[in-house]
Participant: 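Provided herewith is a single structure, encoded as structure tokens, for subsequent inquiry.
In what follows, every chain begins at residue 1, and chains take the letters A, B, ... in the order their sequences are listed.
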Amino acid sequence: MLLFQDYLSKIRESAKSILPQVSDSDILLDDSGFSDIVVRTFALSKKTGMDFASIAKELESSIGKLPFVEKVESRNGYVNTFLKPSAFLAPVIESLERSGEYPDVFQDPERVCVEHTSTNPTGPIHIGRARNSIIGDSVARILSRYGYRVTTQYYVNDAGKQVIALYEGFRRYFDGKDRNVGNLLAGYQKIYQEMENIGGEAKILGPVIKQYESNDQELVEEVKSTAAIVLQSIKGSLEKLGIKIDDFVWESGFLQSSELDQVFNSLDSYVKDESGAKYLDLPNGRKMYLRRSDGTSLYPARDLAYHLFKALNADWLIDVLGEDHKDHGTALKHVLTELMDFKQRLDFIFYGFISLDTGKLSTRRGNIVTLDQLLERMTEEALAIVAEKRKDLPDGELKIIAEAVAVSSIRFSVARVNADKHMVFRWSEALNFEGDSAPFIMYAYSRATSLFKDFGKGGINLGEIKLDQYERKLARQVFMYPYYLSDAAKYLRPDLICSYLLGLVKAYNDFYTNCRIKGELPEIQEIRLAINHAFRSVLFDSARLVGIRLLEEM
RNA sequence: GGGCGCGUGGCCUAGUCUGGAUAGGGCAACAGCCUCCUAAGCUGUAGAUCAGGGGUCCGAAUCCCCUCGCGCCCGCCA
């Protein structure tokens, strides 16, 4: 959990001590610009039967006495509370000096396992799949910053039809050739094409699947090692984006496993039989098949087993899944929590698909923009721009900047959109580095660093200070970080951090434009530099949560 | 057909959970700002029946109902 001066809670407590009917939703951070914290008296008026004016009067007297409150004004049924400027700045600076970060954090004993990506290793990772990784990695970083003990995990599908097709496609068409990702992908696409032509995958894939499911260890290992080659390339692409996954768990490991036995044992009284096949009835009238009539296990059974496995080392499981898995996820949770004795907290993050302006993404049909292609093209574009802007820098520096811009841009443009929304990938948008974008954020950091290097971190006496509108707005925005961080952790929403970053940086740009350092009185310089330093520290902290790579110079 | 989700200026997006003060940003367009700490920045102009209709409420982008459009799911695939 986060440790900081939580004025919002203090104001809520103060208000409740006067009017017990006050609820948390009556008192909120005010982002509309009217005040810092606002009390809405409409609901209260209904509840208490008092009129706006008397409620406002009561609250004003109570809230106004709090030491960090500058003034309270009532208007149109709102009680607007303004905090003292020192109340924003002092806690941030104190915290930074004490522990090096703001807000401070108290380690939460809860262990969280974030499962993300888990894409079938049948080809290079593309921009659609990468949405999963970007969301998952950001959520893991946010929860970790919040104080949870977080590990990330990739569930590797090396036991299904797709990877068997990958294996078989290569064996049929490329046998003896180099077993690299390019040839594997070509074989995979070719075998799917072939299966369409002949009219039925049973004929081509059937015998191999049968052999696989007869638990032919040699074949299981062969398929796994084929998948491992593609997985290696996926890992490499993700690492370029700064995404490193802690554990890789192979689905083939659950084909015969104690967890799988446990699933069938504990579900024994619910399992039904249909000519040898085993299934469960679901609340929505559908069935969840666990075993085929030939006795081999199905994906839902292995996924249940996998969740039991994850639960061995975690108190809270989070799965990042595409929206196509919504029903599966809901059913899985129902079975685990209602039919089995599963005590861990289980949450899903579902995200909408990304399509291209040329249509749906498809690895099989070859209609994809791979992460590597995207990164390469964006780095080129960024390099051209930075080379134009910074003719003074050597090529090596330019390249580092261009790569940071490309990586940050990809991550930010995906992370900033609410997971529920579908996205359409457009090159023209991807290659625009202005406005609400990663470079906009990165640039502010470089400016702040430049000021910091030239003039230092300033200082304030922690008593009363006066701030102009730009200084105050920035100090306020810096101070508010923990509220956004807790919401992002609570609702598993990296996009909230992105909104925060944009607001923070807008406030900084106003500050930078309007508040000079050079030529100002020393006491003004000191305060401005202190704000600059606080901003720089909090930006550094928050930007890394969504994988933005900040540079001291760009 | 049933279920889930989405629909906010030409384009992208915040706000929807928890109903309230002028619907906030950005891109593209137009007009400005570098003898001064980084102009990937800043200022201004123009642009919105919040998909449509009905309802609840003192008050609806937000809650409820219906309709339309788009996406996804409805396999002894994963």
Participant: Heavy atoms only, 4.0 Å cut-off, all strands: where does A:N418 land among base, sugar-phosphate and nothing?
Facilitator: sugar-phosphate

Participant: Under 6.0 Å from the NZ atom of A:K16, do we count more than 12 heavy atoms belonging to anything else shown?
Facilitator: yes

Participant: Assign each of A:S32 and A:N157 to its nearest nucleotide of RNA chain B by heavy atoms, then name whichever residue's nucleotide is nearer the 5' end.
Facilitator: A:S32

Participant: Distance check, P atoms only: B:rU8 and B:rG71, in whole angstrom units.
Facilitator: 15 Å

Participant: With a 4.0 Å cut-off on heavy atoms, is A:K360 in touch with a base, just the backbone sugar-phosphate, or nothing at all?
Facilitator: sugar-phosphate

Participant: Under 4.0 angstrom, heavy atoms only, what part of the nucleic acid is A:M423 near: base, sugar-phosphate, or nothing?
Facilitator: nothing

Participant: Does A:Q189 reach the main-chain N or O of A:T363 with its side chain, forming a donor-acceptor pair under 3.5 Å?
Facilitator: yes

Participant: A:Y351 ring centre to A:R131 NZ or CZ under 6.0 Å, with the angle to the axis within 45°?
Facilitator: no

Participant: Who does B:rC63 pair with, Watson-Crick or G-U, both distances under 3.5 Å?
Facilitator: B:rG55

Participant: Base, sugar-phosphate, or nothing for A:S355, non-hydrogen atoms under 4.0 angstrom?
Facilitator: nothing

Participant: In sequence, state the C-alpha distance, the side-chain angles, and the governing distance for A:F348 and A:H325, and then conclude on ring-ring contact (aromatic ring centres under 6.0 Å, His included).
Facilitator: CA-CA 10 Å; A:F348 300 97; A:H325 285 67; over 10 Å; no

Participant: When the C1' atoms of B:rG55 and B:rU13 are compared, how many Å lie between them, rounded to an integer?
Facilitator: 30 Å

Participant: When both hydrogen-bonding distances must be under 3.5 Å and the geometry is Watson-Crick or G-U wobble, what is B:rC33 paired with, if anything?
Facilitator: B:rG41

Participant: Would you classify B:rC34 as syn or anti? Syn applies when the glycosidic angle is within 90° of 0.
Facilitator: syn

Participant: Could you check whether atom NZ of A:K473 has more than 12 heavy atoms from other residues, nucleotides or ligands sitting under 6.0 Å from it?
Facilitator: no

Participant: Over all strands shown, is A:F353 touching base, sugar-phosphate only, or nothing at heavy-atom distances under 4.0 angstrom?
Facilitator: sugar-phosphate

Participant: I'd like the C1' distance from B:rC70 over to B:rA29, given in whole Å.
Facilitator: 29 Å

Participant: Taking pairing as Watson-Crick or G-U wobble with both contacts under 3.5 Å, can you name the mate of B:rG10, or confirm there isn't one?
Facilitator: B:rC27

Participant: Before giving the answer on ring-ring contact (aromatic ring centres under 6.0 Å, His included), spell out for A:F52 and A:F42 the whole-Å C-alpha distance, their side-chain angles and the decisive distance to 0.1 Å.
Facilitator: CA-CA 7 Å; A:F52 294 162; A:F42 309 100; 5.4 Å; yes

Participant: Just checking A:D24: base, sugar-phosphate only, or nothing, at a heavy-atom cut-off of under 4.0 Å?
Facilitator: nothing

Participant: Taking the nucleotide of RNA chain B with the closest heavy atom to each, which residue, A:R426 or A:I401, is nearer the 5' end?
Facilitator: A:R426

Participant: Heavy atoms only, 4.0 Å cut-off, all strands: where does A:I354 land among base, sugar-phosphate and nothing?
Facilitator: nothing

Participant: Could you identify the nucleotide paired to B:rU16, looking across every strand shown and requiring Watson-Crick or G-U wobble geometry with both distances under 3.5 Å?
Facilitator: none

Participant: Heavy atoms within less than 4.0 Å of RNA chain B: which residues of residues 439-451 of chain A have one? Give them sorted by number.
Facilitator: A:P439, A:F440, A:Y443, A:S446, A:R447, A:S450, A:L451

Participant: Reckon A:E388 touches a base, only the sugar-phosphate, or nothing at all at heavy-atom distances under 4.0 Å?
Facilitator: nothing

Participant: If you measure from the C1' atom in B:rA60 to the same atom in B:rG20, how many Å do you get, rounded?
Facilitator: 9 Å

Participant: Can you check the distance between B:rC68 and B:rG26, where both ends of the measurement are the P atom (answer in whole Å)?
Facilitator: 37 Å

Participant: Establish, for the pair A:R291 and A:F264, whether the NZ or CZ atom is under 6.0 angstrom from the six-membered ring centre and no further than 45 degrees off its axis.
Facilitator: yes

Participant: Taking any heavy-atom pair under 4.0 Å as a contact, classify A:F350: base, sugar-phosphate, or nothing.
Facilitator: nothing

Participant: Could you tell me if the ring centre of A:F511 sits under 6.0 Å from that of A:Y470?
Facilitator: no

Participant: Is the number of heavy atoms from other residues, nucleotides or ligands within 6.0 Å of CZ (A:R292) greater than 12?
Facilitator: yes

Participant: Which part of the nucleic acid, if any, lies within contact of A:N432, taking any heavy atom under 4.0 Å across all strands shown: a base, the sugar-phosphate backbone alone, or nothing?
Facilitator: sugar-phosphate

Participant: Walk me through whether A:T81 and A:D36 qualify under side-chain contact (heavy atoms from CB on, under 4.5 Å).
Facilitator: CA-CA 6 Å; A:T81 304; A:D36 296 317; 5.9 Å; no

Participant: Need one value for A:K278: base, sugar-phosphate or nothing, where a base atom within 4.0 Å counts as base even if backbone is also close, heavy atoms only.
Facilitator: nothing

Participant: What distance, rounded to whole Å, do you find between the two C1' atoms, one in B:rG52 and one in B:rG69?
Facilitator: 11 Å

Participant: Hey, does A:F455 reach any base, or is it just sugar-phosphate, or nothing, if we go heavy atoms under 4.0 Å?
Facilitator: base

Participant: Quick check for you: name the first and last nucleotides of RNA chain B, 5' to 3', having an atom under 4.0 Å from a heavy atom of chain A.
Facilitator: B:rG2 to B:rA78

Participant: With both distances kept under 3.5 Å, what pairs with B:rC72, Watson-Crick or G-U wobble?
Facilitator: B:rG3

Participant: Ring centres of A:F34 and A:Y78 under 6.0 Å apart?
Facilitator: no

Participant: Return yes if some donor-acceptor pair links the side-chain N/O of A:S408 with the main-chain N/O of A:R549 below 3.5 Å, else return no.
Facilitator: yes

Participant: Please determine, for B:rU22, whether a Watson-Crick or G-U wobble partner exists with both distances under 3.5 Å, and give it or none.
Facilitator: none

Participant: Using the P atom as the point on both nucleotides, what is the distance between B:rG75 and B:rC57, in whole Å?
Facilitator: 43 Å

Participant: Over all strands shown, is A:C515 touching base, sugar-phosphate only, or nothing at heavy-atom distances under 4.0 angstrom?
Facilitator: base

Participant: So what does A:D30 hit on the nucleic acid, given a heavy-atom distance under 4.0 Å: a base, only sugar-phosphate, or nothing?
Facilitator: base

Participant: Could you give the distance separating B:rC11 and B:rA48 at their C1' atoms, to the nearest angstrom?
Facilitator: 14 Å

